[in-house]
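Numbered from 1 within each chain, the chains take letters A, B, ... in sequence-line order.
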Number of protein chains: 2
Amino acid sequence: MVTAEKVAQLSGVSLSTVSQVLGDRAHLFRAETREKVVRAAQKLGYRPNSSARAMRSGRLGAIGLLLSTEEHRSSLFEKMLVGIYDELVRQNLRLNVARFPDKALTDEGFVPQILREWSCDGLLINYNALIPPRMVELIQNYKIPSVWINSQRDTDAIRPDDFGAGVIATEYLLKLGHRRIAYASYSGGGHYSTTDRRDGYAHAMKQAGLAPQIIGAQTGSSFERSQRIQASRQWLEQSDRPTAVITYAGSTALPIIMAAIGELGMRVPRDLSLVTFDDSLFDDCGLAVSTMVIPEYELGQTAARMLEQKIKTSGQSLPSQVLTMQLVQGNSCQSII
Amino acid sequence: MVTAEKVAQLSGVSLSTVSQVLGDRAHLFRAETREKVVRAAQKLGYRPNSSARAMRSGRLGAIGLLLSTEEHRSSLFEKMLVGIYDELVRQNLRLNVARFPDKALTDEGFVPQILREWSCDGLLINYNALIPPRMVELIQNYKIPSVWINSQRDTDAIRPDDFGAGVIATEYLLKLGHRRIAYASYSGGGHYSTTDRRDGYAHAMKQAGLAPQIIGAQTGSSFERSQRIQASRQWLEQSDRPTAVITYAGSTALPIIMAAIGELGMRVPRDLSLVTFDDSLFDDCGLAVSTMVIPEYELGQTAARMLEQKIKTSGQSLPSQVLTMQLVQGNSCQSII
DNA sequence: CTGAAAGCGCTTACAG
DNA sequence: CTGAAAGCGCTTACAG
């Protein structure tokens, strides 16, 4: 193992000189001394031990990202991760990823190692589903500065505005002249977005004096993938079928498209207008579906910023933030006026 | 900040007693002493400082995962991450994620912080595209124990057997009686899998005395998503169209399905058999496409194991591993015998 | 059965 | 302009 001590020996200066030259006090030393030290460090492949530094500074130089093992949409996940990471790089912080099942946390004895040891300056907590009470308790007990991602807490949380997005999507289709607008969701799940998007849609419909039409799984249940095309076909075949549909996610839109185009000979957007939610313009199948884009990158980035803030103020509470979603237009909507 | 010292004070014992009771020497102490210490630690919310421990042990207790910023399939990414993580938990290791663009590494002066500082015991390197020579150089220079994921290096690497999977997929369709089997890829990219899967297919075709038919983008180029349905339609309309197609990924299969089913009124598998590559059975659209499954979880898990091995033997070289892919059957293939 | 002391690798006042 | 020394929070041989 190469230590600063060894660099000092090789370059014939003291340990503290090495530290200062390689740190932010290089300007205090003669060019000659600096050169000697830098050359020796390079030759030996010296890398300062981050633990030693952390001990001195009292800061670990890392934050932890806590993930549930419950299913979550992975592309979302990656973009958020990148947003977090980019912000951390700016602050010279490392990113520690941890992950454990909700179930483990209901067990009284279980304390995950990221909480048990002091190895991060703060925590980003990304639980798409419900947050186990015991987790909140553990974190409060240990007084770890934390920010909750995708959570509806009043403080120290950040999430996208799912309700507002439901409204925006609906009003967009209303403006195109649609009246029979449905909302479809084939997956259940305890996350608030499942209800919020739907409620935003229903709210906008009622505002326009129209009756909401909800298609698909109710909260908690979920359609098997293999049944989704068939289920879509059923409601698409009815004579008073909607002229436009808002889908919970791209994965909801796909079987609907398959049923409409493949089985019933319909065209999009000629016979059916579509708007979906996703993390970017949903065009996996070659057809660009107009999308309410979840700002995953910004979510991650802002969460990281909030956490840095909290770490600086040793855990002081911050007001929660709600990020607006934007509609990105594809080729899946048509005016029927 | 709560230190072991404070726990010692509160419980009226010495610092070293606290350390030993909370460590793995608890059995050496009287039950009464143990209780006192544990209670005090709990009351104060004591968490041992991992840096201090790391300094003593000479091991950081963490490994680093290096990611390229170049596009990669995100769901793959998540499963691999989980495989890595599960294995690390078993060894009580933390996971540090880092990420930087290939371009940055061509810059002579740039050394990413995960390499510049000594903050991990070893590195998992996941570059789907080409590995910048400078990165290899940096890692060798610093003598960091490393394992390369998705790389064709002879040592210290792990990857799935893309060539073999191409063969398996083709032989499966041959056995079902297909002769006009095509291979389709709409994306380019420098990764070896692009060529290996195709070459495996071509190899199996030639073995069977048949001429390979490659459809779509050649290496390096890539079809825009919006053109993929149209492109698919073109080759599907020809009179001698293939009866079966192997696609590079699910994202290649989707527009083909859309063109076949939606535009040409074909059925799968009646009029066209499909096999694809993906990280799990590809049924996004409600139709289960038979899939050569990339063992992402095992890839991550095994890579982590290899790295742990290397860390123990202070970086000694390990032979590379190649993981076989399995065919998971959906409803997209039909015998035509 | 418990405690005093050394030391892991650094940084930073302080002395010269 | 450079160096000796203290100390960050732990663990572990060693003494008692």
Test item: side-chain donor near acceptor, B:Asp161 and B:Thr324, under 3.5 Å: no

Using both distances under 3.5 Å as the test, list the Watson-Crick or G-U wobble partner of D:dA13, or none. none

Verify the distance criterion only: is there a donor paired with an acceptor across the side chains of A:Ser320 and A:Asp154 at less than 3.5 Å? no

If only side-chain N and O atoms count, and only distance matters, is there a donor-acceptor pair under 3.5 Å linking B:Tyr297 with B:Asp279? no

Decide whether B:Thr17 and B:Ser14 meet the rule of one side-chain donor and one side-chain acceptor closer than 3.5 Å. yes

Measure the distance from CG on A:Leu60 to C1' on C:dC10 and round it to the nearest whole Å. 15 Å

Does the protein touch nucleotides 2-9 of chain D at the base, only the backbone, or not at all? Give it as B, S and - per nucleotide, heavy atoms under 4.0 Å. BBBBBBBB

May I have the distance from A:Leu22 (atom CG) to C:dT11 (atom C1'), rounded to whole angstrom? 12 Å

Under the salt bridge (charged side-chain N to carboxylate O under 4.0 Å, His left out) criterion, do A:Glu308 and A:Arg305 qualify, and how do the steps go? CA-CA 5 Å; A:Glu308 285 154 5; A:Arg305 285 207 186 121; 5.8 Å; no

Salt bridge (charged side-chain N to carboxylate O under 4.0 Å, His left out) with A:Arg30: which residues, sequence neighbours excluded? A:Glu32

Whom does C:dA4 pair with, Watson-Crick or G-U wobble, provided both distances fall under 3.5 Å? none

